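Worksheet: the structure to be examined is printed underneath.
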Amino acid sequence: MEKVVTRIPPSPTGHLHIGTARTALYNFLFARKHKGDFIMRSEDTDRARSTLAFEEEIREGLTWLSLTTDSFSRQSERAAIYRSYLEKIINEDKAYISKEESKSNPGESIEVVRLRNPNIPLTFADEVRGDITFDTTELGDFVIARSLDDALYHFAVVVDDFEMGVTHVIRGEDHISNTPRQILIQEAIGAPRPYYAHLPLILALDRSKMSKRHGAVALYQYRDTGFFPQAILNYLALLGWNPGTPQEIFSLPELIEAFDVAKIQKAGAVFDIEKLKWFNKEWFKIVPQSDIEPTLRAALKKTFDISTPDERVVKNLIHLIRDRSTVLSDITKDVEEGEYDFAFKAPVLDPALIKWKKDETAKDALPRLHEVITRLTGATDSDNPEAIKSILWDYAEKVGKGEVLWPLRVSLTGKEKSPDPFTVIATLGIPEALRRIQNACDTIEAS
RNA sequence: GGCCCUAUCGUCUAACGGUUAGGACAGCGCCCUUUCACGGCGUAAAUCCGGGUUCGAUUCCCGGUAGGGUCACCA
């Protein structure tokens, strides 16, 4: 069997769209699944609107997603190739040069190239939708080049796909109506017909094609708010495709393994940021530490001006962050808002907060805190909350969990809300915890 | 408007003629942790409508309806 080749042909006239990212993903998955190639082609034949900056952003975006390509080319550098094909089919009278008035510059006379349309009904097989039939008559002798040296999109695409050995064209549903004219061109240049698979569109809330007016559509916007590439890939894969099993969390290798064109959805799918957030939350628990750590360190430096934080605390804090965060930017936000103050700042204690019950005074908590100090003093330090819990749990159960745990937690963090006391102690280490509890006792006595 | 595509909970989807129409996200409720978060359990919520075909249609066919895409000397 011939080697599978898929492609992603973005035109560098805008940011990397989330829909383009998904199309790239599906092409990537299919190619990798079949041990084929996945190539990228910059469709920059519209010189006026294409920029190198966008091209670069698109390439970087795909790299960020780990969607590696096997080759890269630019249509703007292939004019000679298009010209040779144009000359060939003109010689064969399958296309012709037509002198007409320029539409873009009225008054100017130009020689465009038009395809001789055989005006036939045309049916092609779509891997996701089955047979689709068009009457090509309505296309007329459509223009395929502005001039011999200036091929238009459809012509360039067909020549390139042929020259590059593309076997499977997997693209958005918005290209269905482009397919008949591309097939006509294929037949004119004698190219074989690739397999086609037209993907359902990604829709906005109002079920129209997702575009700028609907908010964030560019990949970089999701990267910037702190979504993991793993989560984006995972979500995008399941938006319009399903594995046929209840599994939802997929790594890229797992997606390659599970991917199957037959399970691509026909109907458009609404992009739901809430579900994306859920995927990100799940991935927060499993991404490598190196995906989280730089953000944490930057936040610590910014908020606390700590450039060399206690490594034990950082390590333990990352565990906490993993199941308390949704997007990476939560780290910065939470650090700024004081969520993790307890880890780096001794608390300023409000004795009134120590009281567990309304009719208590802060001083009532003193003997309990002293008992905690006694127990902790002889204990082995650990950064496992469970181990810390076992030191104190039986006492807390005996005296009353609220009676012990609430004042303890408040002395450690000074806050109304925080992680549980065992986790806090495990994070800080027993010596620091002891200092804080002792300090709390002193404050209470002085009040 | 012409052409093309599509139609299961609010959203993503499963069920390729026979199911109490399943799961996930979001929502709601309860439990756990005597704080927050995490977690666990539960609940509500759907086959667009009308005709066929069939013993039997979410499923197959036709027609409506609705939504979407596309109609360049853009890509």
Side-chain angles (χ1 to χ4, degrees), chain A residues 9-14 42-50 75 98 100-105 108 110-114 126 128-130 132-139 142-147 150-154 156-157 172-181 198 200-201 203-209 235 238-249 262-263 265-279 281-282 285 320-326 334 339 353 356-357 389 396 400-406 409-410 413 415-423:
Chain A
S11 71
T13 54
S42 186
E43 311 236 306
D44 56 351
T45 50
D46 186 339
R47 301 308 294 155
R49 293 195 302 144
S50 301
Q75 290 190 328
S98 163
E100 11 192 297
E101 181 185 334
S102 169
K103 278 185 190 168
S104 43
N105 299 308
E108 183 194 357
I110 56 170
E111 296 187 335
V112 299
V113 182
R114 288 183 179 273
D126 187 286
V128 350
R129 286 154 221 279
I132 300 176
T133 302
F134 281 89
D135 180 0
T136 58
T137 306
E138 49 201 68
L139 266 27
F142 57 92
V143 176
I144 55 179
R146 285 187 202 93
S147 72
D150 202 357
L152 253 19
Y153 166 73
H154 292 294
V157 164
E173 188 184 2
D174 47 346
H175 284 285
I176 289 182
S177 54
N178 288 157
T179 306
R181 28 156 82 67
H198 286 97
L201 259 19
L203 274 22
L205 257 33
D206 65 0
R207 303 204 75 89
S208 68
K209 192 168 149 184
Y235 175 62
L238 263 38
L239 194 62
W241 170 82
N242 77 82
T245 68
Q247 183 180 350
E248 295 213 75
I249 304 300
K263 290 216 159 273
Q265 216 65 225
K266 290 184 184 68
V270 173
F271 186 90
D272 181 8
I273 187 79
E274 293 304 323
K275 185 101 185 203
L276 206 211
K277 282 184 186 168
W278 177 78
F279 275 104
K281 215 175 197 166
E282 293 300 306
K285 296 169 188 163
L320 262 182
I321 285 170
R322 278 185 188 276
D323 55 41
R324 299 174 86 92
S325 307
T326 299
D334 290 344
E339 279 302 295
L353 200 56
W356 169 240
K357 286 178 180 146
K389 184 177 178 182
K401 285 179 264 186
E403 276 76 2
V404 177
L405 270 19
W406 178 266
R409 200 187 55 73
V410 173
T413 68
K415 301 236 175 188
E416 206 162 354
K417 296 174 183 176
S418 78
D420 68 85
F422 311 121
T423 301

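Fair warning: this is a prediction, and the values are worked out from it, not measured in the lab. In what follows, chains carry the letters A, B, and so on, assigned in the order in which the sequence lines appear, proteins first and then strands, with residues in each chain numbered from 1.
- In this structure, of B:C25, B:C12, B:A15, it is B:C12 that holds the atom nearest to the side chain of A:Val270.
- B:A57 is unpaired under the criterion used here, namely a Watson-Crick or G-U wobble arrangement in which both key atom distances are under 3.5 Å.
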Under 3.5 Å, sequence neighbours excluded: what are the donor-acceptor pairs made by side chains of residues 238-248 of chain A?
from: A:Trp241; atom 1: NE1; to: A:Asp260; atom 2: O; distance (Å): 3.1
from: A:Asn242; atom 1: OD1; to: A:Gly244; atom 2: N; distance (Å): 2.8
from: A:Thr245; atom 1: OG1; to: A:Gln247; atom 2: N; distance (Å): 3.4
from: A:Gln247; atom 1: NE2; to: A:Ile249; atom 2: O; distance (Å): 2.9
from: A:Glu248; atom 1: OE1; to: A:Lys275; atom 2: NZ; distance (Å): 3.4

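- Phosphate contact (OP1/OP2 of B:U34, side-chain N/O of A:Lys417, threshold under 4.0 Å): absent.
- Residue A:Glu173 is tested with A:Leu201, A:Asp126, A:Val128 for a side chain to side chain contact (heavy atoms under 4.5 Å, CB included); the sole match is A:Leu201.
- For A:Glu403, whose side chain is taken as the heavy atoms from C-beta onward, the closest listed nucleotide among B:G68, B:U13, B:U34 is B:U34.
- Under 4.0 angstrom from either OP1 or OP2 of B:U13 there lies no side-chain N or O belonging to A:Asn242.
- Residue A:Lys401 places at least one side-chain N or O closer than 4.0 Å to OP1 or OP2 of B:U34.
- Side-chain contact of A:Asp150 with A:Ser147: a donor-acceptor pair under 3.5 Å is absent, judged by distance alone.
- OP1 or OP2 of B:C38 lies within a sub-4.0 Å distance of a side-chain N or O belonging to A:Lys281.
- Of the candidates B:U11, B:C12, B:G68, B:U11 carries the atom nearest the A:Asp272 side chain, counting heavy atoms from C-beta on.
- Listed candidates were B:U35, B:C5, B:G67. Nearest to the side chain of A:Ile132 is B:C5.
- Put simply, CG on A:Leu320 is 14 Å from C1' on B:U35, counting in whole angstrom units.
- Here A:Arg207 does not reach the OP1 or OP2 of B:C5: none of its side-chain N or O atoms lies under 4.0 Å away.
- Across the protein-nucleic acid pair, A:Lys285 atom NZ and B:A37 atom P stand 14 Å apart, rounded to whole Å.
- Place A:Leu276 and A:Asp135 on RNA chain B by their nearest nucleotides, and A:Asp135 ends up nearer the 5' end.
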- Do nucleotides 70-75 of chain B as a string where each nucleotide becomes B, S or -: B if the base has a protein heavy atom under 4.0 Å, S if just the sugar-phosphate does, - if no protein is that close. S--BBB

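- Residue A:Gln265 places at least one side-chain N or O under 4.0 Å from the OP1 or OP2 atom of B:A14.
- Residues passing the side-chain contact (heavy atoms from CB on, under 4.5 Å) test with A:Glu101 are A:Pro106, sequence neighbours excluded.
- Both A:Pro246 and A:Phe422 sit near RNA chain B, but only A:Pro246 has its closest nucleotide nearer the 5' end.
- For A:Lys266, the listed nucleotide lying nearest its side chain is B:U6; candidates were B:U34, B:G68, B:U6.
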